[in-house]
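First up is the structure itself, then whatever we jot down about it.
Each residue takes its place number in the sequence, starting with 1.
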Amino acid sequence: PHDVVVCMEVLEHIPKAYEAHVIERLACTAVRRLVLSWAGPHQPGNGHVNLRNQSYVRAAFAAHGLLVREGDTAALRAVSTLPWYRTNALVFARDLA
């Protein structure tokens with residue numbers, strides 16, 4: 001386990017048959033935060049076999065106790081220089097209260 005796990009533009013390359021396993025591994029490894037970017041529908045790129053919209057990604061990780069931190073997500077997107085990070089990047093956190 002790690003306090004912060006970063007996974008940028010990887011999951012769109014994972015076949016759907018393995019998606020649930022990868023999501024579970026990321027979720028159980030991220031103790032406090034997960035910084036993730038997952039390409040959305042119609043995003044061009046090589047090897048994209050599993051494009052997902054933001055609502056799907058949010059729900060997939062919420063099922064594992066990770067919720068999007070809207071302020072942190074907006075801040076990360078604002079400083080990103082690559083267009084796909086400006087639209088796909090999400091910062092998730094556990095409710096540790």
Side-chain angles (χ1 to χ4, degrees):
H2 300 282
D3 282 345
V4 178
V5 173
V6 178
C7 181
M8 305 300 280
E9 297 292 306
V10 173
L11 288 166
E12 62 271 19
H13 300 279
I14 304 296
K16 290 178 182 167
Y18 303 108
E19 172 188 295
H21 178 74
V22 174
I23 289 170
E24 181 181 348
R25 299 308 332 150
L26 287 170
C28 76
T29 303
V31 174
R32 294 186 178 273
R33 297 272 193 277
L34 170 65
V35 180
L36 176 81
S37 181
W38 188 338
H42 312 295
Q43 181 174 313
N46 294 325
H48 286 182
V49 297
N50 190 14
L51 301 169
R52 296 292 192 176
N53 65 42
Q54 293 278 300
S55 61
Y56 180 92
V57 175
R58 289 168 179 254
F61 286 95
H64 292 279
L66 288 162
L67 303 175
V68 174
R69 293 185 51 95
E70 300 296 346
D72 293 342
T73 293
L76 177 60
R77 289 178 176 189
V79 298
S80 296
T81 58
L82 298 172
W84 48 90
Y85 290 158
R86 292 181 75 78
T87 57
N88 300 335
L90 295 164
V91 178
F92 292 90
R94 293 197 186 280
D95 182 5
L96 300 174

Nearest 0.5 angstrom please: Asn88 CG to Glu12 CD, how far? 7.5 Å
Shortest non-hydrogen contact from Thr73 to Ala89? CG2-O, 3.3 Å
Validation row: Arg33, Val91 side chains within 4.5 angstrom (heavy atoms): yes
Can you find a heavy atom in the side chain of Leu11 that is under 4.5 Å from one in the side chain of Leu36? yes
When you group the ILVMFWY residues by side-chain heavy-atom contacts below 4.5 Å and let the links chain together, are Val22 and Trp38 in the same group? yes
Start with the C-alpha gap between Val35 and Met8, add the side-chain angles, then the distance that decides, and say whether side-chain contact (heavy atoms from CB on, under 4.5 Å) holds. CA-CA 8 Å; Val35 180; Met8 305 300 280; 4.0 Å; yes
Do the non-hydrogen side-chain atoms of Leu26 and Phe92 ever get within less than 4.5 Å of each other? no
If hydrophobic clusters are built by linking Ile, Leu, Val, Met, Phe, Trp and Tyr wherever their side-chain heavy atoms come under 4.5 Å apart, do Leu76 and Val4 end up in the same one? yes
Taking a hydrophobic cluster as the set of Ile, Leu, Val, Met, Phe, Trp and Tyr residues connected by side-chain heavy atoms closer than 4.5 Å, whether directly or through intermediates, do Val10 and Tyr85 fall within one such cluster? no
Which residue pairs pass the salt bridge (charged side-chain N to carboxylate O under 4.0 Å, His left out) test when at least one of the two sits in residues 51-66, sequence neighbours left out? Glu19-Arg52, Arg58-Glu70
Which pairs with one or both residues in residues 40-50 pass salt bridge (charged side-chain N to carboxylate O under 4.0 Å, His left out), sequence neighbours excluded? none
What residues form a side chain to side chain donor-acceptor pair (under 3.5 Å) with Arg69, not counting sequence neighbours? Asp72
List in chain and number order the residues that pass ring-ring contact (aromatic ring centres under 6.0 Å, His included) with His64, two or more places apart in sequence or in another chain; answer none if no residue qualifies. none
Following the transitive rule for hydrophobic clusters with a side-chain heavy-atom cut-off under 4.5 Å over Ile, Leu, Val, Met, Phe, Trp and Tyr, establish whether Tyr56 and Tyr18 coincide in one cluster. yes
Determine whether Leu66 and Ile14 fall in the same hydrophobic cluster, where Ile, Leu, Val, Met, Phe, Trp and Tyr are linked whenever their side-chain heavy atoms lie under 4.5 Å apart. yes
Can you run down the salt bridge (charged side-chain N to carboxylate O under 4.0 Å, His left out) pairs that involve residues 74-92, sequence neighbours left out, and say none if there aren't any? none
Holding to ring-ring contact (aromatic ring centres under 6.0 Å, His included), I want the full list of residues that pass it with His2, two or more places apart in sequence or in another chain. none
Going from CD on Gln43 to OG on Ser37, what distance comes out if it is rounded to the nearest 0.5 angstrom? 7.0 Å
Heavy-atom pair with the smallest gap, counting every atom of Ile23 and Ala60: CD1-CB, 3.8 Å
Any side-chain heavy atom of Val68 sitting closer than 4.5 Å to one from Phe61? no
Which pair of non-hydrogen atoms, one from Gln54 and one from Thr87, has the smallest distance, and what is that distance? NE2-O, 3.7 Å
